[in-house]
Engineer: 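Mind having a look at this structure? Questions to follow.
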Amino acid sequence: MLEVHGGTPLRGTVRVRGAKNLVSKAMVASLLGDSPSVLRGVPRIRDVEVVTGLLEVHGVTVTSAPDAGYPDGELILDPADVAQGSIVDIDAHAGSSRIPILFCGPLLHRLGQAFIPDLGGCRIGDRPIDFHLDVLRRFGATVDKTPGGIKLEAPQRLRGAKVELPYPSVGTTEQVLLTAVRAEGITELKNAAIEPEIMDLIAVLQKMGAIITVDTDRVIRIEGVDSLSGYVHRALPDRIETGSWASAALATGGEIFVEGANQPDMITFLNVFRKIGGAFEVCETGIRFCHPGGELKSSVLETDVHPGFMTDWQQPLVVALTQASGVSIIHETVYENRFGFTDALNRMGARIQLYRECLGGTPCRFGRQNYQHSAVVSGPTTLHGADIEVPDLRGGFSHLIAALAADGTSRVGGIELINRGYEDFLDKLAGLGARVDMA
Ligand code: EPZ
């Protein structure tokens, strides 16, 4: 349980390292190489531990940089002895992560089989894996659902395929990339996701020897090759963590320099941040975010796949919008159930109403169904301390921001979930002058 004494503007510097949502995939990519890979900028977060455990279960040796101080966040991944892990071990290591699904392609190439336990991940919607299984079948894999998970086999070498995704899913695009690079022949993927983390994964695979073309119309073409080597790569910075600290600066009326933040990946976020009255300065080594004083302005926004406003920025920014004057409208089009965290904000004094209708320019997949996927935030409202239980990774960080912006003391339970994606967040908070104690 964390006791948060709110009302103090956060001021100071935090450093962001490699993006969680690239690092985990680049670690899986190491399975495809004939030689060791070196990944730099790896944050110390729970999701990295989970993927490390899963790789080790499959015979990959994962070591941190020899100087042990981990200053550069360097991991060396050696896939020399890849072997099928036991189902019990895979299950034990998978924890609440969705990453195991991405082991399929590489393991099918290396071993001809793979086993995927029932998947976890943040509870922000149903999060099915139907697209993943469909594309793996298209490459020639057989897929058998068993009570404990899914067993896949490749009776012969996987073959390139023509695939069109029903929705530009990040994970399924990565699935296709990780499978197609060593499949026989050409793969054409239409309606692909083109998030910066995917472009960085393509850079990793190209370093390994893959041939991948990205067209302007969400089409990715991959020419399969017979073998790949290891890579040396520095992960792109975490744009979700950057947006989270930026929102914390705005909600608490403070100023945070996010060392390592990369402007090109933040363009959409920065536009919204500026429109609602936040100020930022792009420096050579990072971005400084602050509340410049005066009123924040309400806004209308819609989450979307890249280059739209990413869903993972939505939750922390909603906390800042509770402090803006007027009515803000947010239409969540990526996940059907990503506003659960607003219950706690309302208990703290926010005025947020949820709607089933699509309150945005584009009707989305969740319209006219029973999903409360639009929110109307009326502000500004004074937030008050409360007892809160963290619901998911981004929602949990958003609750922390709300507690820091609130009058009085909050007791926040379940903060271990936040370790999944925010490195050393308690030390970072202390460094920013937050008054937090473990109770
Ligand atoms: C990735 O999840 C990220 N996770 C998420 O970040 C992020 O929110 C999401 O991409 C969108 O940017 C990782 O990279 C580990 P999707 P992913 O496949 O790949 C539906 C965080 O907090 N869908 O793009 O699982 C799905 O239900 C996390 O860091 C299917 O219907 O997301 C969702 O509505 C949370 N069937 C939509 O597509 C499928 O088989 C987009 O999901 C797959 C997805």
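Read the numbers this way: they start at 1 and go in the same order the structure lists the ligands and their atoms. All residue numbers in this chain count up from 1 along the given sequence. Please read all numbers here as calculations on a predicted model, not as lab measurements.
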Engineer: Going by the side-chain contact (heavy atoms from CB on, under 4.5 Å) test, name the single residue among L321, L317, I352, I276 that passes it with S328.
Structural biologist: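 When L321, L317, I352, I276 are each tested with S328, the side-chain contact (heavy atoms from CB on, under 4.5 Å) holds only for L321.
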
Engineer: What atoms of ligand 1 come within less than 4.0 Å of a heavy atom belonging to D312?
Structural biologist: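 Taking each heavy atom of D312 in turn, ligand 1 has 6 (O), 7 (C), 8 (O), 12 (O), 21 (C), 22 (O), 28 (C), 29 (O), 35 (C) under 4.0 Å.
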
Engineer: Between I240 and ligand 1, does any nitrogen or oxygen pair lie at a separation below 3.5 Å?
Structural biologist: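 There is no such contact.
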
Engineer: Please identify which of these residues, V62, T61, L55, meets the side-chain contact (heavy atoms from CB on, under 4.5 Å) condition with D78.
Structural biologist: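 Single pass found, and it is T61.
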
Engineer: Taking only heavy atoms of G171 into account, list the atoms of ligand 1 that are under 4.0 Å away from them.
Structural biologist: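 Heavy-atom distances to G171 below 4.0 Å select 18 (O), 19 (O).
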
Engineer: Check whether the side chains of R394 and Y422 place a donor and an acceptor atom closer than 3.5 Å, and report yes or no.
Structural biologist: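 Distance-only check passes for R394 and Y422.
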
Engineer: Measuring from D215:CG to E188:CD, what's the distance to the nearest 0.5 Å?
Structural biologist: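 Here the rounded value is 8.5 Å.
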
Engineer: Checking contacts here: is it the side chain or the backbone of H132 that comes within 4.0 Å of ligand 1, counting heavy atoms only? Could be both or neither.
Structural biologist: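 Near ligand 1, H132 shows its backbone as well as its side chain.
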
Engineer: Touching ligand 1 at all, K25? Heavy atoms, strictly under 4.0 Å?
Structural biologist: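 Contact present.
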
Engineer: So, regarding E174 and ligand 1 (criterion: nitrogen or oxygen to nitrogen or oxygen, under 3.5 Å), is there a contact or not?
Structural biologist: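 No; every N/O pair is 3.5 Å or more apart.
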
Engineer: Any ion pair linking E184 and R159 (charged N to carboxylate O, less than 4.0 Å)?
Structural biologist: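 Looking at E184 together with R159, the answer is no, because their closest N to O distance does not fall below 4.0 Å.
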
Engineer: Whether R44 and D424 form a salt bridge (side-chain N of Lys/Arg under 4.0 Å from carboxylate O of Asp/Glu) is what I want to check.
Structural biologist: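 No salt bridge links D424 with R44.
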
Engineer: Counting only heavy atoms, which portion of R338 has something under 4.0 Å from ligand 1: side chain, backbone, both, or neither?
Structural biologist: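 Only the side chain of R338 comes within reach of ligand 1.
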
Engineer: Going by the side chain to side chain donor-acceptor pair (under 3.5 Å) test, name the single residue among E332, R338, H331 that passes it with Q314.
Structural biologist: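 Going through the options one by one, the only one that passes is E332.
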
Engineer: Is there a heavy atom in S24 that sits closer than 4.0 Å to ligand 1?
Structural biologist: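 Contact absent.
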
Engineer: Classify the ring geometry between F341 and H399 as parallel (under 30°), tilted (30 to 60°) or perpendicular (over 60°).
Structural biologist: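 Correct class here is tilted.
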
Engineer: Measure centre to centre between the rings of W245 and F397, then say whether the value is under 6.0 Å.
Structural biologist: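 That pair passes the under 6.0 Å test.
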
Engineer: With respect to atom 5 (C) of ligand 1, which of F366, Y167, F397, Y335 exhibits the smallest heavy-atom separation?
Structural biologist: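 It is Y335 whose heavy atom sits nearest to atom 5 (C) of ligand 1.
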
Engineer: Mark up the atoms of ligand 1 that fall under 4.0 Å of a heavy atom belonging to I129, in ascending order.
Structural biologist: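 So the atoms of ligand 1 that pass are 40 (O).
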
Engineer: Which donor-acceptor pairs under 3.5 Å do side chains of residues 192-206 form with protein atoms, sequence neighbours excluded?
Structural biologist:
{"unit_1": "E195", "atom_1": "OE2", "unit_2": "H306", "atom_2": "N", "d": "2.8"}
{"unit_1": "E197", "atom_1": "OE1", "unit_2": "R239", "atom_2": "NE", "d": "3.3"}
{"unit_1": "E197", "atom_1": "OE1", "unit_2": "R239", "atom_2": "NH2", "d": "2.9"}
{"unit_1": "E197", "atom_1": "OE2", "unit_2": "R239", "atom_2": "NE", "d": "2.7"}
{"unit_1": "D200", "atom_1": "OD1", "unit_2": "H233", "atom_2": "NE2", "d": "3.2"}
{"unit_1": "D200", "atom_1": "OD2", "unit_2": "H233", "atom_2": "NE2", "d": "3.1"}
{"unit_1": "D200", "atom_1": "OD2", "unit_2": "L236", "atom_2": "N", "d": "3.0"}

Engineer: Could you say whether the N/O atoms of F131 and ligand 1 ever approach to under 3.5 Å?
Structural biologist: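 The answer is yes, given that F131 and ligand 1 share an N or O pair closer than 3.5 Å.
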
Engineer: Short N/O distance, under 3.5 Å, between E336 and ligand 1?
Structural biologist: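 In this structure, E336 places no N or O atom under 3.5 Å from an N or O of ligand 1.
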
Engineer: Could you tell me if the side chain of L383 sits less than 4.5 Å from the side chain of L345, heavy atoms only?
Structural biologist: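 They are not in contact (no side-chain heavy atoms under 4.5 Å apart), so the answer is no.
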
Engineer: So for Q175, does at least one of its heavy atoms come nearer than 4.0 angstrom to any atom of ligand 1?
Structural biologist: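 Q175 does not count as a contact of ligand 1 under the 4.0 Å cut-off.
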
Engineer: Is there a polar contact between ligand 1 and V170, counting only N or O atoms under 3.5 Å apart?
Structural biologist: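 N/O-N/O distance below 3.5 Å exists for this pair.
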
Engineer: Below 4.0 angstrom from a heavy atom of R98, which ligand 1 atoms are there? Numbered from 1 as shown, please.
Structural biologist: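 Answer for ligand 1: 25 (O).
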
Engineer: Nearest 0.5 Å, please: how far is CD in Q372 from CZ in F366?
Structural biologist: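 Here the rounded value is 14.0 Å.
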
Engineer: Any N or O on P128 sitting closer than 3.5 Å to an N or O of ligand 1?
Structural biologist: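 Yes; at least one N/O pair falls below 3.5 Å.
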
Engineer: Heavy atoms only, cut-off 4.0 Å: how does T311 contact ligand 1, side chain, backbone, both, or neither?
Structural biologist: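 Under 4.0 Å from ligand 1, T311 contributes side-chain atoms alone.
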
Engineer: Check contact between H306 and ligand 1, using heavy atoms of the residue and a distance below 4.0 angstrom.
Structural biologist: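 For ligand 1, residue contact (heavy atoms, under 4.0 Å) with H306 is absent.
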
Engineer: Taking non-hydrogen atoms only, is K20 closer than 4.0 angstrom to ligand 1 via side chain, backbone, both or neither?
Structural biologist: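 Near ligand 1, K20 shows its side chain, while the N, CA, C and O stay back.
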
